*Asks:* 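If you scroll down you'll find the structure; I have some questions about it.
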There are 2 protein chains.
Amino acid sequence: MKRNSRLSLALHTLGHMAVDPDKTQTSAQIAGHAGTNPVVVRRVLGKLRDAGLLTAEKGHSGGWRLARQPDAITLADVYLALDESIVAPARAEDAPTCSVEHVLQRKVATILEEVEHNLVERLAATSLSEIQRH
Amino acid sequence: MKRNSRLSLALHTLGHMAVDPDKTQTSAQIAGHAGTNPVVVRRVLGKLRDAGLLTAEKGHSGGWRLARQPDAITLADVYLALDESIVAPARAEDAPTCSVEHVLQRKVATILEEVEHNLVERLAATSLSEIQRH
DNA sequence: TCTTATGTAACTTTTCGTGTTGCATTTATC
DNA sequence: GATAAATGCAACACGAAAAGTTACATAAGA
């Protein structure tokens, strides 16, 4: 699997679920289809579960399925559930060493925050039901 | 130094140069001030030199200085010179495995490209001379 | 000619995401 | 109840990428 592929894995899985929302899939099945490991799948989908996008049933005949209708899950929901923060560095604000440094840094940081916000807005405009129109 | 700090290092250095554009600084001086290594400094500033933002003089009394006036260097110039591509993954388009997967993926990819473009636009609105107003 | 600077290649170290193993827990089925 | 099949989670191994380091060639002023 390639780097920072959590979003890819999530979209791939959710895409299939949106096509056939009544089918429950196990981590092993999903992993097989995505070419990765069941534990990795549980790690990623676990975040989606915590965000209320998926439900996970334990035990026999358990597995994963959508917690809502596809049209009620936007790409922003997925993105935010994964704590991706592609743009803004999710920074652990380090000590301001010298004043000159941080004038430009803060300018850039502000712009990145605005752009991050803009990204989420755009992602919110598309839901999983988009997949059904193709 | 922290991860992906090339932009930080570049901004820090350019910030100081914008305050005092007549002073030539060596890699060692810059590295000392930025808490890193002279070779790392040359690697990062070398990209800014290639982009025409800085000049580097070899030999005795050599060093780095701005190649243009501070107001003629925007944050976008710096960002682009470093090949950062924070938002869009600068992707080596991998093989489209299954069709369902790539509907959502492409949607996201398109949004990321738009957002990346938007980022550069915003960065272009600020120049290094901003530092002189503080 | 010597000193001081950049330019660059090669290697090491660090960091972080992914992959893997192992086991506890839960739940349907026999 | 026992068993099989699933998730939950912790701990460790692996690998790639960025940063740091060493070494040396090259250039230019003193």
Side-chain angles (χ1 to χ4, degrees), chain A residues 1-13 17 23-67 81-86 89-92 94, chain B residues 1-13 17 23-67 81-86 89-92 94:
Chain A
M1 230 180 168
K2 61 182 185 302
R3 184 147 199 166
N4 193 8
S5 56
R6 286 169 297 182
L7 185 58
S8 296
L9 174 57
L11 291 177
H12 188 179
T13 304
M17 288 180 167
K23 188 162 76 180
T24 297
Q25 295 187 84
T26 68
S27 305
Q29 290 172 327
I30 296 168
H33 196 272
T36 183
N37 192 288
V39 177
V40 174
V41 170
R42 286 198 281 269
R43 272 208 285 254
V44 174
L45 299 195
K47 294 201 168 194
L48 304 183
R49 177 202 59 219
D50 293 344
L53 307 182
L54 289 178
T55 60
E57 297 283 339
K58 283 185 170 182
H60 211 137
S61 77
W64 302 85
R65 57 193 311 161
L66 295 182
L82 294 178
D83 287 321
E84 287 283 290
S85 223
I86 289 181
R91 55 274 189 50
D94 38 359
Chain B
M1 230 181 168
K2 61 182 186 300
R3 185 148 198 166
N4 194 8
S5 56
R6 286 169 298 182
L7 184 58
S8 295
L9 173 57
L11 292 176
H12 188 178
T13 304
M17 289 179 167
K23 188 161 75 180
T24 298
Q25 296 187 83
T26 68
S27 304
Q29 291 171 326
I30 295 168
H33 198 272
T36 183
N37 192 288
V39 177
V40 174
V41 170
R42 286 198 281 271
R43 271 209 285 253
V44 173
L45 299 194
K47 293 202 168 195
L48 303 183
R49 178 202 59 218
D50 293 344
L53 307 182
L54 290 178
T55 61
E57 298 283 338
K58 282 184 171 183
H60 210 137
S61 76
W64 301 86
R65 57 192 312 163
L66 294 182
L82 294 178
D83 287 323
E84 287 283 291
S85 222
I86 290 181
R91 55 276 191 50
D94 39 359

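Quantities reported herein were computed from a predicted structural model and do not represent experimental measurements.
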*Asks:* Verify, without hydrogens or angle tests, whether A:Thr26 (side chain) and A:Gln29 (backbone) share a donor-acceptor contact under 3.5 angstrom.
*Replies:* yes
*Asks:* Using a strict heavy-atom distance below 4.0 Å, which residues from residues 47-56 of chain A are in contact with DNA chain C?
*Replies:* none
*Asks:* Rounded off to whole Å, could you give me the CD1-to-C1' distance for the B:Ile30 and C:dT4 pair?
*Replies:* 15 Å
*Asks:* What pairs of residues pass the ring pair (Phe, Tyr, Trp, His ring centres under 6.0 Å) test when at least one of them lies in residues 27-55 of chain A, not counting sequence neighbours?
*Replies:*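 Of all non-adjacent pairs touching residues 27-55 of chain A, those that pass ring pair (Phe, Tyr, Trp, His ring centres under 6.0 Å) are A:His12-A:His33, A:His16-A:His33.
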*Asks:* Any donor-acceptor pair under 3.5 Å joining the side chain of B:Arg43 to the base of D:dG20?
*Replies:*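 Per atom types, the contact qualifies.
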*Asks:* Should B:Thr36 be listed as having a side-chain N or O under 4.0 Å from OP1 or OP2 of D:dG20?
*Replies:* yes
*Asks:* In chain order, what residues pass the side-chain hydrogen bond (donor to acceptor under 3.5 Å, both in side chains) check against A:Thr24, with sequence neighbours excluded?
*Replies:*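 Scan of A:Thr24 (side-chain hydrogen bond (donor to acceptor under 3.5 Å, both in side chains), adjacent residues dropped) gives A:Arg65.
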*Asks:* Between B:Thr26 and C:dT4, does any side-chain N or O lie under 4.0 Å from OP1 or OP2?
*Replies:* no
*Asks:* How many Å lie between NZ on B:Lys23 and C1' on C:dA5, as a whole number?
*Replies:*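 Atom-to-atom, B:Lys23 to C:dA5, this comes out as 17 Å.
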*Asks:* Measure from CG on B:Asp83 to P on D:dA18 and round the result to the nearest Å.
*Replies:*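 Distance, rounded to whole Å: 12 Å.
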*Asks:* Could you tell me whether the side chain of B:Met17 reaches within less than 4.5 Å of the side chain of B:Ile30, counting heavy atoms only?
*Replies:* yes
*Asks:* Expressed in angstrom and rounded to an integer, what is the separation of B:Leu45 atom CG from C:dT6 atom P?
*Replies:*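 Whole-Å distance recorded here is 9 Å.
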*Asks:* CZ of A:Arg65 versus C1' of D:dT7: gap in Å, rounded?
*Replies:* 16 Å
*Asks:* Tell me whether the OP1 or OP2 atom of D:dT7 has a side-chain N or O from A:Ser27 closer than 4.0 Å.
*Replies:*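 A:Ser27 to D:dT7 OP1/OP2: side-chain N or O found under 4.0 Å.
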*Asks:* Give every donor-acceptor pair under 3.5 Å between a side-chain atom in residues 42-60 of chain A and any protein atom, sequence neighbours left out.
*Replies:*
none

*Asks:* Just how far, in rounded Å, is C1' of C:dT18 from CD of A:Glu84?
*Replies:* 14 Å
*Asks:* What does nucleotides 21-30 of chain C look like as a protein-contact string, B for base, S for sugar-phosphate only, - for none, at under 4.0 angstrom between heavy atoms?
*Replies:* B----BBB--
*Asks:* Taking atom P of D:dT7 as reference, at what distance in whole Å does atom CD of A:Gln29 sit?
*Replies:* 9 Å
*Asks:* Taking only residues two or more places apart in sequence, or in another chain, which ones meet B:Ser27 in a side-chain hydrogen bond (donor to acceptor under 3.5 Å, both in side chains)?
*Replies:*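 Listed in chain order: B:Trp64.
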